[in-house]
> 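Pasting a structure below so you can have a look.
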Amino acid sequence: MATFLYRMGRAAFRRRWLVVLLWAVVLGAVGAGAAKAPGAGDEGTSFMPGIEAQKAFDLIGERFPGSDANGADARIVFIAPDGQKVTAAGHRAAIDSLVEEAAGQPRVASAVSPFQAGAVSEDGSTAYATVSYKVAADDLTDADKKALENVIDQARGAGLTVEAGGTALATQPAAGGAGEAIGIGLAAVVLLITFGSVAAAGLPLLTAVIGVGVSMCAILALGSTLGLSMTTGTLASMLGLAVGIDYALLVVSRYREERAGGHEAREAAALAVGKAGSAVVFAGLTVVIALAGLSVIGVPMLTKMGLCAAGAVVLGVLVALTLVPALLGMWPEAVLSRRARRRAGGAPARPARDNGGSWWARFVLRRPVAVLLVCVAGLGVLALPAADLQLGMPGDEAKPVSSTERRAYDALADGFGAGFNGPLTIVTDLGGAADPQAAAATIAGQIKGTDGVVSVSPPQFNPQGDAAIFSAVPATGPSDGTTKDLVQTIRAERPALEDGTGATFEVTGSTAMNIDVAQALQDALVPYLIVIVALSLVLLMIVFRSVLVPVKAAAGFLLSVLASLGAVVAVFQWGWGAELLGVEQAGPIMSLMPIFLVGIVFGLAMDYEVFLVARMREAYVHGERPAQAVVTGFRHSARVVAAAAVIMMAVFSGFVGSGESMIKTIGFGLAVAVLFDAFVVRMAFVPAVLALLGHRAWWLPRWLDRILPHVDVEGASLTARPAGAADAPAHEREPART
């Protein structure tokens, strides 16, 4: 491995113009494809195959082919001024006029007046009209939306307060740009402090931006074909930017170290890729395993998000191994510090002295038990809120109060009850019933009599008469735990009703869908953890030739991920400090978020494990005692790992300001997870455990040593290589530049 990467780095340095040109061509090609590609559509109608809500959704599409269950809709809410009613003559005329004009729009399937549908609150202060479209929300044009907005403005001119909910006019939060800019700016400051050189700080930023540019353009180019959403691209850019900077940082840092050891520029670049590149490859592999492992969950959207993010990570690895040494070849002295540039080409630098990293390692080695207990106890306390984790799918209630969707949601809840915003859709299969209409009426009556159901609409039959749909309004809101219990209660009534009527039914709708998805993801979390932990344990055994080091790495990951989930619950579910992050309303955590967070945090945790412990392993196999190997590893890697962690925290924190709920939550969760994992687990927990294990930390049974493939991660094959390029053909040799 190390020898192959050494040759790759040397070739990239020598053929630097060709490498840069190839990356420019790739970026230009995918950029052109992105510019010509149509806009990305939706994620498709099948969100999570196998759950009841999805089966019912599919049954509606099968039995009611004339209706598009995925069509856009708008719910226009009318609120009369204080002391007045929407049924007053002037207000009624304005509402009827709006409905009539909306119904005349070319893509509108139907527009139902509140006075015809009985959609007026008991006190007469609130009413709503439903406008249904023939096409999905993504297929609506700006002209379609503008036409509806115009008729809404006319109703407001009549003195009514009018708000709009639904998918037709839903505002889409801006994608990542601001978050990326903030992250890059903070990363630049950290790199400048770390390296003390503008060029050394700028090179990782430049290469990371190029890698993210390629991945984002590829996602945009394939977005329409593969059904990739803007959230998918934002998450890929977030991870690609973070790991791209970190991987380039590791290679540049090792290059400076090799130059300080007396190697000329080309040899130093080759050694940097050969040694640090091995850590980059295996760190990237762990992240890819964690992200690609999301495909075992069975959620198409989650699979797309994981694979796109994994692709961005792979590009980050390739950029670090090829483009970084090529750019080092163009400016071999620019990335060095002033002191190193003054002695470039002269005598080697003095041997590495103790620094803050080695001082901290010795501190931990003197009192490993105390440090270990503090780490476990501290992270354990932070993890306690995770026991109260509640999953859901926040809707309009989680949007800012400045949005019309949130105001419409609140007005409907005030006028019609909390459960009105999350009705349950009941689809009955009447194929086996002797009297389909009587069977549908019996099922509707039974559900109406269930505790917690406020009202049930009359069943609507399909033309064949073998299916019917009706809605049931719960007494509690969509994210209330009581609503989840109600859905389970209604489903528990199914066997008795099926025996009595010969018909069956299923429960769907957005509320039921969210409940089923949350439960399915909770059930899938443990198998997912088993898959990625098992694969990564094998990978780390190959890297470190040890049994206990990978186990220790997995234990540290569990501590950091549980603590980060606890922090997410405390802020986004309990509301502690939520206003500081712009969270309008605390509530259940988005269903997809925890499992996606677990996958990403696992990959990043293994990143820091490889970065830090690889240098310890390198020192140990070269003859140092276990304790001294820990100190050596910290002396060389602690500053780089700390800088990499701060950069990742900066990048992820930049996305906390996103208007997209999932992006905001994941940005916060990843930022605190990196904080816990890098500065508590890897900097304190890891050296404490290694100090207690001693030589046992690097033990591997002989039979397992024979089975596992041998890869030269520590660069042992490069250690005996003389400084300079003695092994290179004469035509490849060139003097170090000044």
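Every value quoted in this text rests on a predicted model; they were computed, and no experiment measured them. Just the heavy atoms: all of them, side chains too, but no hydrogens, waters or symmetry mates, feed the values below.
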> Taking atom CG as the centre, does Asp523 end up with more than 12 heavy-atom neighbours from other residues, nucleotides or ligands that are less than 6.0 angstrom away?
yes

> Would you give the length of the straight line joining atom CE of Met513 to atom CD of Glu52, rounded to the nearest 0.5 angstrom?
10.5 Å

> If you take all heavy atoms of Thr303 and Leu294, which pair is closest and at what distance?
OG1-O, 4.1 Å

> Verify the ring-centre separation between Tyr128 and Phe420: is it less than 6.0 angstrom?
yes

> Determine the minimum heavy-atom distance between Ala72 and Leu140, stating which atoms define it.
CB-CD1, 3.8 Å

> Roughly how far, to the nearest 0.5 Å, is the CD atom of Gln573 from the OG atom of Ser479?
10.0 Å

> The criterion is side-chain contact (heavy atoms from CB on, under 4.5 Å); which residues satisfy it with Ala147, sequence neighbours excluded?
Gln105

> Heavy atoms only: give me the nearest Val427-Ala56 pair and the separation to one decimal.
CG1-CB, 3.5 Å

> Does the distance from a Lys or Arg side-chain N to an Asp or Glu carboxylate O, for Glu405 and Arg75, drop under 4.0 Å?
no

> Is it the case that over 12 heavy atoms from other parts of the model lie below 6.0 angstrom from the CG atom of Asp499?
yes

> Give a yes or no on this: more than 12 heavy atoms of other residues, nucleotides or ligands lie within 6.0 Å of atom CH2 of Trp574.
yes

> Going by side-chain contact (heavy atoms from CB on, under 4.5 Å), name the residues that satisfy it together with Glu100, two or more places apart in sequence or in a different chain.
none

> Check for a donor-acceptor pair, side chain of Thr476 on one end and backbone N or O of Thr482 on the other, with a separation under 3.5 Å.
no

> Using a 4.5 Å cut-off on heavy atoms from C-beta on, say whether the side chain of Ile589 contacts that of Pro594.
yes

> Start with the C-alpha distance between Asp58 and Gln54, add both sets of side-chain angles, then the distance that settles side-chain hydrogen bond (donor to acceptor under 3.5 Å, both in side chains), and finish with yes or no.
CA-CA 6 Å; Asp58 295 339; Gln54 184 64 55; 3.0 Å; yes

> Flag yes if more than 12 heavy atoms outside Gln460 fall under 6.0 Å of its CD atom; otherwise flag no.
no

> Tell me if the centroids of the rings in Phe652 and Phe668 come within less than 6.0 Å of each other.
no

> Could you work out, with side-chain contact (heavy atoms from CB on, under 4.5 Å) as the rule, every residue matching Pro474, not counting sequence neighbours?
Leu424, Thr483, Leu486

> Which donor-acceptor pairs under 3.5 Å do the side chains of residues 78-97 make with protein atoms, sequence neighbours left out?
residue : atom : partner : partner atom : Å
Gln84   : OE1  : His91   : NE2          : 2.8
Asp96   : OD1  : Ser113  : OG           : 3.3

> Could you pull out all residues at least two apart from Asp480 that satisfy salt bridge (Lys or Arg N to Asp or Glu O under 4.0 Å)?
none

> Looking only at non-hydrogen atoms, find the nearest pair between Ala503 and Ile443 and report the distance.
CB-CD1, 4.2 Å

> Rounded to the nearest 0.5 Å, what separation is found between the CD1 atom of Ile152 and the CD atom of Glu163?
9.0 Å

> On a heavy-atom basis, which atom in Ile426 and which in Phe505 lie closest, and how many Å separate them?
CG2-CD1, 3.8 Å

> So does Asp153 pair up with Arg156, basic N to acidic O under 4.0 Å?
yes

> To check you understand the geometry: which heavy-atom pair defines the closest contact between Val77 and Ala411, and what is its length?
CG1-CB, 3.9 Å

> Taking the side chain as C-beta and beyond, is there a heavy-atom pair between Leu497 and Thr442 under 4.5 Å?
yes

> Can you list everything that forms a side-chain contact (heavy atoms from CB on, under 4.5 Å) with Ala218? Sequence neighbours excluded, please.
none

> Asn462 side chain to Ala467 main-chain N or O, any donor-acceptor pair under 3.5 Å?
yes

> Could you grab the distance from atom CZ of Phe57 to atom CD of Glu62, nearest 0.5 Å is fine?
13.5 Å

> If I take atom CG from residue Leu597 and atom CD1 from residue Ile595, how far apart are they, to the nearest 0.5 angstrom?
11.0 Å

> Could you give me the CA-CA distance, side-chain angles and deciding distance for Thr508 and Ile60, then say whether side-chain contact (heavy atoms from CB on, under 4.5 Å) is met?
CA-CA 10 Å; Thr508 187; Ile60 293 174; 4.1 Å; yes

> So, are Arg491 and Asp516 salt-bridged, with charged N and O less than 4.0 Å apart?
yes

